[in-house]
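Report on the following structure.
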Amino acid sequence: MFETVKYETRNGVAWLTLNRPDKLNAFTKQLNKELEKALKEASRDSDVRSIVITGAGRAFCSGQDLADVDDQMDHGDVLRNHYNPMMKALSKCEKPVIAAVNGVAAGAGFSLALACDFRIASEKASFLQAFIHVGLVPDSGNLYFLPRLIGHAKALELAVLGEKILADEARNLGLVTKVTTVDTFLEEVGQFAERLANMPTKAIGLIKKNLHASWDVSYDEFLELDAQGQRIAGLTADHAEGVQAFLEKRKPQFKGV
Ligand SMILES: CC(C)(COP(=O)(O)OP(=O)(O)OC[C@H]1O[C@@H](n2cnc3c(N)ncnc32)[C@H](O)[C@@H]1OP(=O)(O)O)[C@@H](O)C(=O)NCCC(=O)NCCSC(=O)/C=C1/CC=CC=CO1
């Protein structure tokens with residue numbers, strides 16, 4: 001299906017593996033486009049109820065392929081034409097997305113991990129604001145998500161100093177949900193992704209939507225978003241099943257509809 005992204009589905013989970021291990025899964029235009037398409041495919045497929053993004057080999061993603069940067073190129077247009085569509089496909093996805101950070105996440109690879117809903121890190125994972133080392137500014141939504149996750153002061157420190165953050169520090173900062181050993185990494189990511197895939201998918205999508213909206217609207221406007229979201233959730237079969245299961249004292253079987 002794709003050359004630079006491995007796309008697999010099993011047990012309700014789409015696994016999207018960035019697949020340029022020799023270059024630490026650095027982004028090329030092809031990888032930007034294929035990840036965008038893979039995200040849209042997983043968003044569309046009703047059998048998919050959670051998504052994992054990870055990297056082949058020893059890295060998660062090392063950001064822009066620096067051998068593929070042309071002196072003459074307008075970096076703003078590179079973002080507009082190649083990165084932003086990929087990042088928008090991710091932000092528009094209503095299903096839970098997990099960044100399974102198996103190794104280094106640098107530059108736009110760090111941004112990609114930040115834009116996911118959850119980050120699970122292997123003990124070998126690290127996070128690097130590589131941009132400053134090549135005289136650039138963190139992009140692809142990096143400075144949108146980072147202060148929301150760890151606060152302004154720490155976000156500024158990481159972006160300006162560009163020091164590598166190891167997995168345990170990332171957990172202490174609140175950047176990752178959990179850190180696993182190398183040996184149990186894929187199994188634990190799989191278990192977490194399948195747990196999400198068996199939850200009320202529409203409600204998760206609405207939680208994502210309203211949490212994002214909460215940064216941009218007044219409290220009164222937000223209360224109206226609550227009402228709109230709850231109306232939609234209240235009409236789902238999963239809501240009916242949740243209530244029924246509670247009354248019957250059994251475990252609910254959510255179907256994602
Ligand atoms: C810290 C590193 C990510 C990992 O370091 P290390 O583990 O020591 O591994 P290396 O020996 O450095 O790398 C192994 C091989 O992979 C190649 N490689 C790694 N990263 C890239 C890359 N980004 N582009 C191309 N190739 C890469 C590396 O050359 C080695 O190959 P050989 O074995 O053939 O020699 C470290 O690798 C590192 O700092 N990488 C660069 C990180 C970086 O600066 N990323 C880009 C930031 S800018 C960005 O992401 C976004 C944009 C968007 C728009 C426009 C323009 C630019 O940037």
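Everything numeric in this text was worked out from a predicted model, so none of it was measured. First listed ligand is number 1; within each ligand, the first listed atom is number 1.
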Protein non-hydrogen atom found under 4.0 Å from atom 8 (O) of ligand 1 = no
shortest atom 15 (C) of ligand 1-to-protein heavy-atom contact is with Asp22 O, 3.7 Å
Which atom pairs, donor and acceptor, lie under 3.5 Å between side-chain atoms of residues 225-237 and protein residues at least two apart or in another chain?
residue : atom : partner : partner atom : Å
Gln228  : NE2  : Glu224  : OE2          : 3.1
Thr236  : OG1  : Ala233  : O            : 2.7
Thr236  : OG1  : His239  : N            : 3.1

Heavy atom of the protein closest to atom 51 (C) of ligand 1 (residue, atom name, distance) | Gln64 CB, 3.4 Å
Crowded around Glu157 CD? As in, over 12 foreign heavy atoms under 6.0 Å?
-> yes
Mind checking whether Asp68 contacts ligand 1 via backbone (N, CA, C, O), side chain (CB onward), both or neither, at a 4.0 Å heavy-atom cut-off?
-> neither
Heavy-atom nearest neighbour in the protein, as seen from atom 34 (O) of ligand 1, with distance rounded to 0.1 Å | Lys23 NZ, 3.5 Å
Counting only heavy atoms not in Lys208, do more than 12 sit closer than 6.0 Å to its NZ atom?
-> yes
Check each atom of ligand 1 against the heavy atoms of Gly63 and keep those under 4.0 Å away; list them by number with element.
-> 50 (O)
Does the N or O separation between Ala130 and ligand 1 drop below 3.5 Å for any pair?
-> no
Using a 4.0 Å heavy-atom cut-off, say whether Tyr83 meets ligand 1 through its side chain, its backbone, both or neither.
-> side chain
When rounded to the nearest 0.5 angstrom, what distance separates OG in Ser91 from CE in Met86?
-> 11.0 Å
Near Leu136 (heavy-atom distance under 4.0 Å), the atoms of ligand 1 are 57 (C), 58 (O)
Heavy atom of protein inside 4.0 Å of atom 44 (O) of ligand 1, strictly below | yes
Are the charged groups of Lys95 and Asp117 less than 4.0 angstrom apart, N to O?
-> no
Would you call His133 a ligand 1 contact, heavy-atom distance under 4.0 Å?
-> no
Heavy-atom neighbours of His152 NE2 exceed 12 at 6.0 Å | no
Angle class for the Phe118/Phe192 ring planes (parallel below 30°, perpendicular above 60°, tilted otherwise)?
-> perpendicular
Protein heavy-atom partner closest to atom 4 (C) of ligand 1 - residue, atom, separation in Å = Leu24 CD1, 3.6 Å
Atoms in ligand 1 flagged as close to Phe131, the criterion being non-hydrogen separation under 4.0 Å = 48 (S), 49 (C), 50 (O), 51 (C)
Nearest non-hydrogen protein atom to atom 42 (C) of ligand 1, with distance, is Ser62 O, 3.5 Å
Under 3.5 Å, is there a donor-acceptor pair between the Tyr7 and Glu34 side chains?
-> no
Answer with yes or no whether the side chains of Arg49 and Thr201 bring together a donor and an acceptor at under 3.5 Å.
-> yes
Would you please name every residue forming a salt bridge (charged side-chain N to carboxylate O under 4.0 Å, His left out) with Lys178, sequence neighbours left out?
-> Glu188
Per-atom contact, atom 12 (O) of ligand 1, protein heavy atoms, under 4.0 angstrom | no
Given side chain to side chain contact (heavy atoms under 4.5 Å, CB included), test His133 with Leu128 step by step and report yes or no.
-> CA-CA 10 Å; His133 300 303; Leu128 176 66; 4.3 Å; yes
Do you see a protein non-hydrogen atom under 4.0 Å from atom 29 (O) of ligand 1?
-> no
May I ask you to check if ligand 1 and Leu66 share an N or O to N or O distance below 3.5 Å?
-> yes
Of all protein heavy atoms, the one nearest atom 25 (C) of ligand 1 is Asp65 OD1, 3.2 Å
State whether Lys37 and Glu41 are salt-bridged, where the test is any N-O pair (Lys NZ or Arg NE/NH1/NH2 against Asp/Glu carboxylate O) under 4.0 Å.
-> no
Considering only heavy atoms of Gly107, which atoms of ligand 1 have at least one such atom less than 4.0 Å away?
-> 50 (O)
Is the centre of the Phe131 ring less than 6.0 Å from the centre of the Phe110 ring?
-> no
Heavy-atom nearest neighbour in the protein, as seen from atom 1 (C) of ligand 1, with distance rounded to 0.1 Å | Leu128 CD2, 3.7 Å
From atom 48 (S) of ligand 1, is the closest protein heavy-atom distance below 4.0 Å?
-> yes
Nearest to atom 14 (C) of ligand 1, what protein heavy atom do you find, and at what distance?
-> Arg58 NH2, 3.6 Å
